[in-house]
Chemist: 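My questions all concern the structure below.
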Amino acid sequence: MLLPLPRLLRGARARPTEGVSAAPGETRALTEVALYVLPPAVALITAAVVWELWVRAADVPTYIVPAPSVVLDRFFAGIGFFAKHGAITLAEALAGFALGAGVAIAGASLMAHSRVLERSLFPLAVLVKVTPIVAVAPLFVIWFGFGSFPKVLIAALITFFPVLVNGLTGLRSVKPEAHEFFRSVNASNMQTYWKLRLPGSLPYLFAAFRICVPLAVIGAVVGEWFSGDRGLGSVIIVAHNNLDMPTLFAAILTLAILGVGLTVLTWQLERRVLFWHESNITN
Amino acid sequence: MTAFAHISVRGLTHVFADRRRTLRALSGVDLAVGRGEFVSVIGASGAGKTTLLRAIGGLLRPTSGAILVDGVLPAEAQRRKTIGFVFQEPALLPWRTVIENIRLPIEMNSRGSEARHAEPERLLTAVGLADFRDYHPHQLSGGMKQRVALARALAFDPSVLLMDEPLGALDEMTRTVMRYELLRLWEQSRKTVIFVTHSIPEAVLLSDRVVVMSSQPGRVVDDVAIALPRPRHADVERSQRFFAYADRIMDSLAKGSALAPAAAQAAAGG
Ligand SMILES: Nc1ncnc2c1ncn2[C@@H]1O[C@H](COP(=O)(O)OP(=O)(O)O)[C@@H](O)[C@H]1O
Ligand SMILES: [Mg+2]
C-alpha cells in the first residue's frame with residue numbers, strides 16, 4: 001500500500017523542463033491518483049467489509065477480534081486520547097531518530113576519513129547492532145528511569161546502524177572524476193567533505209532514513225512497553241491486560257496512521273532534497 | 001625554447017606498480033610548451049596521455065623527471081591556481097546549478113580574495129550558457145555539460161589549461177561545433193593549452209603544435225608544428241596543407257606503434 005506513494009508524488013510535481021501547458025500534467029496527476037490510490041483504497045475497504053461481515057456472521061467475541069466498526073467507534077470516541085499518546089510516541093521516535101542518525105553520520109564521517117578509525121569503531125557498531133533491543137530495553141529503564149529518555153535511546157539505537165552503514169558507503173562512493181576535480185582546484189579535506197562527500201552521500205542516507213523512520217517508531221513503542229504510562233506502547237499494554245481489544249486495535253490504527261504519515265513525509269523530503277538524483281528524475 | 005617555456009617537462013618517467021605487476025606508462029618524455037601556445041597530444045589509448053596531463057597538473061607524482069609550470073613545481077602551480085583542468089567526464093556536481101558549478105573553484109580559495117578570478121557570469125556568457133544559468137546538470141545535454149566544465153576550469157582565469165579529451169564523450173555533430181567554439185575561445189584568450197585528443201583533424205585544426213605519442217611505454221615520437229594561419233575557419237579543414245599535416249601525423253602514429261598497428265588505426269579513425 002505504501003509503494004505507490006512516491007509515484008503519486010512524482011506525478012503531482014511540476015516538471016521545470018516541461019513548459020508546455022498545465023492541462024496534460026493535471027490530467028496525468030488525476031490519472032495517477034486513479035491508478036495508485038484507488039486500487040489500494042478499494043482493497044483496504046474490501047478487506048474491512050469482509051472482516052466486518054465475518055465478525056458479525058461468526059459472532060466473534062469483541063475481546064478476541066473486534067469488528068472494524070467497533071474499532072473506528074473507539075478511535076473516534078477517544079480521538080483526543082489517541083492523539084495525545086500518539087504525539088508522545090511520535091516525539092520520542094523523532095527525537096530518537098535524530099539522535100541516532102546524527103551520531104551515525106558523525107561516526108560515518110570519522111570512519112570515512114580514516115581506515116584506522118573504521119577498524120576500531122566499526123566492530124563496536126556491529127556489537128550495538130547485534131544486541132537485541134528487547135534485551136537492553138529493561139536495562140535502560142533501570143539506568144535512565146521511567147521518563148522519555150530510555151524510549152528515545154532505544155529509537156536512536158535502532159536508527160543508528162543502517163544510517164552508519166549507508167552513510168559510510170555514501171561518503172566513500174564519490175565519483176573518481178569529481179574527486180580528481182576537487183584535487184585539481186586544491187580543495188581542502190573539509191571542503192571536499194562538505195561540498196562533495198556529504199551531499200553525494202545523501203541518496204544513501206535517505207535510503208537508510210526510509211527504513212529507519214518506521215523502525216524508530218517501533219523502538220519508541222517497545223520502550224513504552226517496558227515502563228511508564230505514556231505513549232501508544234503503554235496504551236497497548238494496558239489495553240491488553242484489560243482484554244480491551246477495541247482500544248488495542250485503535251492504538252494500532254493510530255500507529256498505522258503515524259507510520260503512513262511519516263513515510264509520506266520522508267518521501268516528500270527526499271524528493272525535495274534529492275531532486276537531482278537519478279531516482280527522482282522523470283522522463 | 002626550454003628556457004622560456006611556460007610548461008617544461010624533462011625526462012618524465014612514470015611507472016605504475018602494485019604487488020602483481022609494474023607498468024611503464026611514460027618513458028623519458030620531454031616536452032616544452034611556450035606561453036600562449038596550443039599544443040595537442042595525440043596517441044593511441046593507453047599511450048600515457050592522461051598520465052602525462054595528471055603529472056603536469058600536480059595530480060600525480062611521477063616516478064622520475066622534472067616538471068615546471070610557470071616556473072614552479074606542479075603542486076605549487078596548483079596552489080597558485082595557475083592550472084585549469086577539463087576532464088573527459090565533466091564531473092559536475094548534480095545538486096548545483098550551472099552557475100553554482102562554475103563558482104565552485106572560487107569557493108575553494110582558502111586565502112580569501114587574494115587570488116584573481118574571472119566573473120562567473122561572464123564565463124557563463126562566454127561558453128554560451130547564459131540562458132541556462134539556473135539549470136541543473138541533469139537538464140543539460142552532454143555538450144552543454146562540457147561547456148560548464150570548461151567555464152569552471154576558467155574560473156580562476158588560469159594561465160594554463162589542461163584538457164583531457166574534453167570532447168571525447170560527445171557525439172560527432174556536437175563535437176564539431178564545440179571544436180570551433182573552443183578555437184574561438186582560445187583565439188580570444190590565448191592561454192597556454194595542452195589538449196589531449198584521439199582525433200587527428202581536431203588536433204590539426206586547433207593546435208600550434210601536435211605531439212604524437214606511442215604506447216608501451218608512452219613516449220613522444222613526433223612533434224609537428226602546424227603553421228596554418230590564424231584565425232582559422234572551417235575552410236582550413238579542406239586545404240592541402242591541412243591534409244599534409246594530417247598525413248604526417250597519421251604516419252607518425254603508425255610508425256610509433258609499428259608493433260601494434262591496430263592501435264594506430266583506432267587513433268586515426270577517432
Ligand atoms: N592509476 C593507475 N594504476 C595503474 N595503471 C594505470 C593507472 N592509470 C593509468 N594506468 C595505465 O597506464 C597506461 C597509460 O594510461 P593513460 O595515461 O590513461 O593512457 P591514455 O590517456 O593515453 O589512454 C595504461 O596502460 C593504463 O592502464
Ligand atoms: Mg586518457
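Letters A, B, ... mirror the listed sequences (proteins, then strands); counts begin at 1. In this text, all values refer to a predicted model and were calculated from it rather than measured experimentally.
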Chemist: In Å and rounded to the nearest 0.5 Å, what is the CD to CG distance from B/Q78 to A/N186?
Modeler: 4.5 Å
Chemist: Should A/E180 and B/R54 count as an ion pair when the cut-off is N to O under 4.0 Å?
Modeler: yes
Chemist: Please classify the contact between A/L196 and chain B as side chain, backbone, both or neither, with a heavy-atom cut-off of under 4.5 Å.
Modeler: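 Both parts, heavy atoms under 4.5 Å.
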Chemist: Non-hydrogen atoms of chain A under 4.5 Å away: do they reach the side chain of B/L104, the backbone, both or neither?
Modeler: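 Contact with chain A is through the side chain of B/L104 alone.
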Chemist: From A/Q191 CD over to B/E107 CD, what is the distance, rounded to the nearest 0.5 angstrom?
Modeler: 8.5 Å
Chemist: If you compare all heavy atoms of B/W95 against all heavy atoms of A/G200, which two are closest, and at what distance to 0.1 Å?
Modeler: CH2-N, 3.5 Å
Chemist: So, do A/E177 and B/Q88 sit near enough that their side-chain heavy atoms are less than 4.5 Å apart?
Modeler: no
Chemist: Working to the nearest 0.5 Å, report the span between CH2 of A/W276 and OG1 of B/T97.
Modeler: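 Between A/W276 CH2 and B/T97 OG1, I get 14.5 Å after rounding to 0.5 Å.
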Chemist: Should the heavy atoms of other residues, nucleotides or ligands under 6.0 Å from CZ of B/R190 be counted, would the total exceed 12?
Modeler: yes
Chemist: I want to check something: taking the side chain as every heavy atom from C-beta on, are B/L93 and A/P199 in contact at a cut-off of under 4.5 Å?
Modeler: no
Chemist: Let me confirm one number: the OG-CZ distance from A/S184 to B/R152, rounded to the nearest 0.5 Å.
Modeler: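 The distance works out to 7.5 Å.
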Chemist: Is it possible for you to check whether A/R183 lies under 6.0 Å from the centre of the six-membered ring of B/F85, through NZ or CZ, and within 45° of that ring's axis?
Modeler: no
Chemist: Are any side-chain N or O atoms of A/K175 and backbone N or O atoms of B/A91, one a donor and one an acceptor, separated by less than 3.5 Å?
Modeler: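 It does not hold such a pair.
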